[in-house]
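All remarks here apply to the structure that follows.
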Amino acid sequence: MTALEELITKAKALQVEGQTPGQISDQLGLSMETVTWLLTQQKGMEAPKDVHIDWTAVGSHGALLSDMAMMMLKRFLYMSEEGCAASEIDAVVGIASSGVPLATLIAAEEGLKLAVYLPAKHSGSETPTGSLSGTFSTITGQRCIIIDDVVTTGTTLSEAIQFIRRHGATPVAVWSLFDKRGVREVDGVPVHSLFVVSRLG
Ligand SMILES: O=P(O)(O)OC[C@H]1O[C@H](OP(=O)(O)OP(=O)(O)O)[C@H](O)[C@@H]1O
């Protein structure tokens with residue numbers, strides 16, 4: 001089975017489970033247009049220009065995940081020779097769910113506080129709002145690094161940045177593994193990604 005066929009099977013299985021195209025789109029990190037295409041496969045309908053990043057091979061293995069988190073940290077440390085130093089950071093904010101294990105590993109390595117941001121789209125309430133998990137650190141008055149795995153539209157990052165500012169903290173930078181849109185900054189906060197996807201045509 002090709003990667004595309006696997007994706008179609010996954011999308012259809014989620015639909016059978018009762019998930020809406022919107023939920024499938026969130027879960028697979030794809031646009032609604034792409035999910036509609038995967039589910040219907042209408043004849044003559046051209047495949048949308050989207051990219052699916054499957055990093056399960058790394059994410060499902062603790063040691064590999066740790067290596068990836070250390071690569072994110074080292075990228076920042078090398079960069080910080082020119083800019084902000086790690087000593088100026090108080091807390092690492094992991095974006096649920098996939099940003100959390102990466103943030104945990106980085107916070108542990110640097111001896112920093114760990115906070116967990118739960119995006120509005122994960123909220124089950126009628127009026128979805130983002131929140132900070134009460135199990136982990138608070139952020140007020142702290143300088144924070146935000147960690148996520150994939151940037152698709154930047155919506156989640158923008159939401160997290162605004163939340164952090166409203167709660168009296170300073171977002172210093174965003175570190176992500178993959179940037180699907182070539183986003184260099186969100187709401188004035190620099191975004192540093194290990195891998196950036198650029199479309200040539
Ligand atoms: O830039 P955006 O368009 O906002 O998309 C990026 C977000 O989407 C994914 O989260 P999602 O909740 O879908 O999946 P996850 O639970 O695997 O993190 C990803 O982990 C980012 O948080």
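Both counts, for ligands and for their atoms, begin at 1 and track the order of listing.
- Using cut-offs of 30° and 60° for the angle between ring planes, the Phe76 and Trp175 rings count as tilted.
- The two residues Val186 and Ile161 come nearest to each other via the heavy atoms O-CD1, 3.4 Å.
- Here Asp50 pairs with Lys180 in a salt bridge; the nearest charged N to carboxylate O distance falls below 4.0 Å.
- In this structure, Leu194 is a member of the same hydrophobic cluster as Leu77, with clusters built from ILVMFWY side-chain heavy atoms closer than 4.5 Å.
- For the side-chain contact (heavy atoms from CB on, under 4.5 Å) test with Arg181, the passing option among Val191, Thr153, Val196 is Thr153; the others fail.
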Kindly print each ligand 1 N/O atom paired with any protein N/O atom under 3.5 angstrom away, one pair per line, or none if nothing qualifies.
from     : atom 1 : to     : atom 2 : distance (Å)
ligand 1 : 1 (O)  : Thr152 : N      : 2.9
ligand 1 : 1 (O)  : Thr153 : N      : 2.9
ligand 1 : 1 (O)  : Gly154 : N      : 2.7
ligand 1 : 3 (O)  : Thr153 : N      : 2.9
ligand 1 : 3 (O)  : Thr153 : OG1    : 2.5
ligand 1 : 4 (O)  : Thr156 : N      : 2.9
ligand 1 : 4 (O)  : Thr156 : OG1    : 2.5
ligand 1 : 8 (O)  : Lys121 : NZ     : 3.2
ligand 1 : 12 (O) : His122 : NE2    : 2.6
ligand 1 : 13 (O) : Asp26  : O      : 2.4
ligand 1 : 13 (O) : Lys121 : NZ     : 3.3
ligand 1 : 16 (O) : Ser97  : N      : 3.4
ligand 1 : 16 (O) : Ser97  : OG     : 2.5
ligand 1 : 17 (O) : Ser98  : OG     : 2.7
ligand 1 : 18 (O) : Ser97  : N      : 3.3
ligand 1 : 18 (O) : Ser98  : N      : 3.1
ligand 1 : 18 (O) : Ser98  : OG     : 3.2
ligand 1 : 20 (O) : Asp148 : OD1    : 3.4
ligand 1 : 20 (O) : Asp149 : OD1    : 2.5
ligand 1 : 22 (O) : Asp148 : OD1    : 3.4
ligand 1 : 22 (O) : Asp148 : OD2    : 2.5

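- The salt bridge (charged side-chain N to carboxylate O under 4.0 Å, His left out) search around Lys121 returns Asp26, not counting sequence neighbours.
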